[in-house]
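Each chain gets a letter, A, B and so on, in the order its sequence line appears, and its residues count up from 1.
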Amino acid sequence: MREKALKIILIFIGAAFIVIMLIMPLLTVIAYALRQGWNTFFNAISDPYAIKALKLTLFTTIISLVVNTVFGIFAAWAITKFNFRAKQILITLIDIPFSISPIIAGLIFIVVFGRIGWAYPLLEALNIKVVFAVPGIVLATIFVTFPFVSRELIPLMNSSGSDEEEAAALMGAKGFYIFRKITLPHIKWSLLYGMILCTARALGEFGAVSVVSGHLRGKTNTLPLHVEILYSEFNLTAAFSVASLLVIIAVIILILRNLIEYRLKRGEND
Amino acid sequence: MNNKQFKYKKAIAALAIFTTISGSLVGCSEKNISQAYSQADAITITNVSYDPTREFYEQYNKIFTDYWKKEKNQLVEIIQSHGGSGKQARSVIEGNEADIVTLALEGDVDEIRKAGLIDEGWVNEFDKNSSPYTSTIVFLVRKGNPKNIKDWDDLINDGVEIITPDPKSSGGARWNFLAAWAFFGEQDGATEEYQKQQIKKLYSNVSVLDSGARGATTTFVENGQGDVLLAWENEAFLSIKQNPEEFEIITPSLSILAQPSVAIVDENVKKHGTQEVSKAYLEYLYSDEAQRLAGENYYRPSNSEILNEFSNVFNLDVKLVNIDDYFGGWEAATEKFFVDGAIFDEIYKN
């Protein structure tokens, strides 16, 4: 009897936690977004600045995704299929963006590429703007989403070992052919999973991007920054409308993520 | 296995389609932007400003665009950036290429001068020490003034919760601090020790110390924190305008004449070739039309005739101390109160 009561209490606490921490805030965002009707909602998300912010966010996300996918595969391949001295150092380096605060990530780029940074005279001579412009935003986003793909791949590739690749190499297969025919089929679902995590983080990144953006409206404002601007302008409904756009994208990504997770589990059981 | 392979290919295909669609979206946007810029006669300037000027410059940019179109037959696009004044100055120093800055403090603009981006003598480049509009610090309280706050000495009572931003990062907050300092300095038999004590009491009543003026306003107005917000007069009026039933403004007996400063960032306009339009942009702030617009946005116009047109809006009887006369200018005030280890740190850290 007491055990049953304990069970109920624990379930209740768990459920209450989920409702208060996750479901309620999400519903509040949607409710706030729609509290002045659909028209206000559509006006907010079709505002030229909101659309520019959305485009910048998508642009940044795609570049980060491509760069980090390519890099992540290379890094995981190098770390798991070869033995070299600085391996442990490389693994630690890859993890750095996970462990340092985004504001530091942003400041790193300011200190390097900003007007007071050491790389500035060079950039100035080449007439390239990095911080307070789109390249800075892309760099900061790549930095914070750096480890996602490789971190997904390394454990899997470690456990599958390099026997099959070695066998293929002995039979005379070339590097890329081995990768395409043997490695890739093994890692495909983990790879997709890592890419989706990377996309989710890139879409929502606020801290690092806020530092390097300069908040130039219509030029260097990403969607999360645009939400903050609208909020600061007492434009709560519009802020939450744009925020709900991010929520919808996030939910789509989560559904994709779950599909892939399901595939991953099935793969293990095969 | 075949089935699995098929599904995996489908997933890749879906991803590819997603990427292509979003890629072309982005491509489109870039084309649009480049089209907008390729109009031979269009020119773009960036105005890096502080928090509470958002509404004013949004309107001012419209009248200036019309004016410039009429005057020079040239399309000018103005890009706005807003944030805490000190933070914004920092970003310009670090390479945010503003053509003009319109900040809360002379000191912030002067930091940009020290970094070598603005020429010496900028204060005298435009009328009235380059302050086209002024403001002052008032109290915003909840309707009915439940804590009965009338003047600065009511703020140090027990149980009064004050919202003010951090003087380390916010221009507005420095004005708040100095206004309070001046008030306690004007009391009978006041000594510096007494002023420090009273200000310390005041800051021990601060319940939220935001990093910028707008953040503090949002904390007070939207999130319902605190009993009194120390605010720019214009910011206080704006809150009343949006929520007339909820707040009222209390003007203390003594406050400070806040002179936000405007300046051309000389190095950047040279680089962009925007000297002429940037100068005109700031000069036009002194036109009757712009001065009235400032008044309508609850800034006190620096043109005294137009200020008098707004005598029913502003309390013109409040005694306003001037930073130059009372504190010996921003440099001296910053040195004395706000640099690391100065009076604010001494008061706040203990």
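Residues A/Arg115 and B/Val92 share a closest heavy-atom pair of NE-O, 4.4 Å. Nearest heavy atom pair, residue B/Ser81 against residue A/Leu216, reads CB-CD2, 3.7 Å. The shortest heavy-atom contact between A/Tyr231 and B/Asn223 is OH-OD1, 3.4 Å.
With a threshold of 4.5 angstrom between heavy atoms, B/Glu222 approaches chain A through side-chain atoms but not through N, CA, C or O. Using a 4.5 Å cut-off between heavy atoms, A/Ile51 does not touch chain B at all. Both the backbone and the side chain of B/Ser91 come within contact range of chain A, with heavy atoms under 4.5 Å apart. For A/Glu124, the part lying near chain B is the side chain, with the backbone staying farther off; criterion is any non-hydrogen pair under 4.5 Å. A/Tyr120 touches chain B through its side chain: at least one heavy atom from C-beta onward sits under 4.5 Å away, while N, CA, C and O do not.
Between A/Val111 and B/Glu94, the closest side-chain pair of non-hydrogen atoms is not below 4.5 Å. At a threshold of 4.5 Å between non-hydrogen side-chain atoms, the residues A/His215 and B/His82 do not count as touching.
Within a 6.0 Å radius of CD1 in A/Ile128, other residues, nucleotides and ligands contribute more than 12 heavy atoms. Shown here is B/Lys143, whose NZ atom has more than 12 heavy atoms of other residues, nucleotides or ligands within 6.0 Å.
A distance of 7.0 Å separates NZ of B/Lys271 from CG of A/Asn127, quoted to the nearest 0.5 Å.
Under a 3.5 Å cut-off, the side chain of A/Lys129 and the backbone N or O of B/Asn96 do not form any donor-acceptor pair.
Among B/Ala115, B/Gly215, B/Gly83, the residue with the largest count of heavy-atom pairs under 4.5 Å with chain A is B/Ala115. Between chain A and the residues B/Thr217, B/Ile93, B/Asp51, B/Asn47, the largest count of heavy-atom pairs under 4.5 Å involves B/Ile93.
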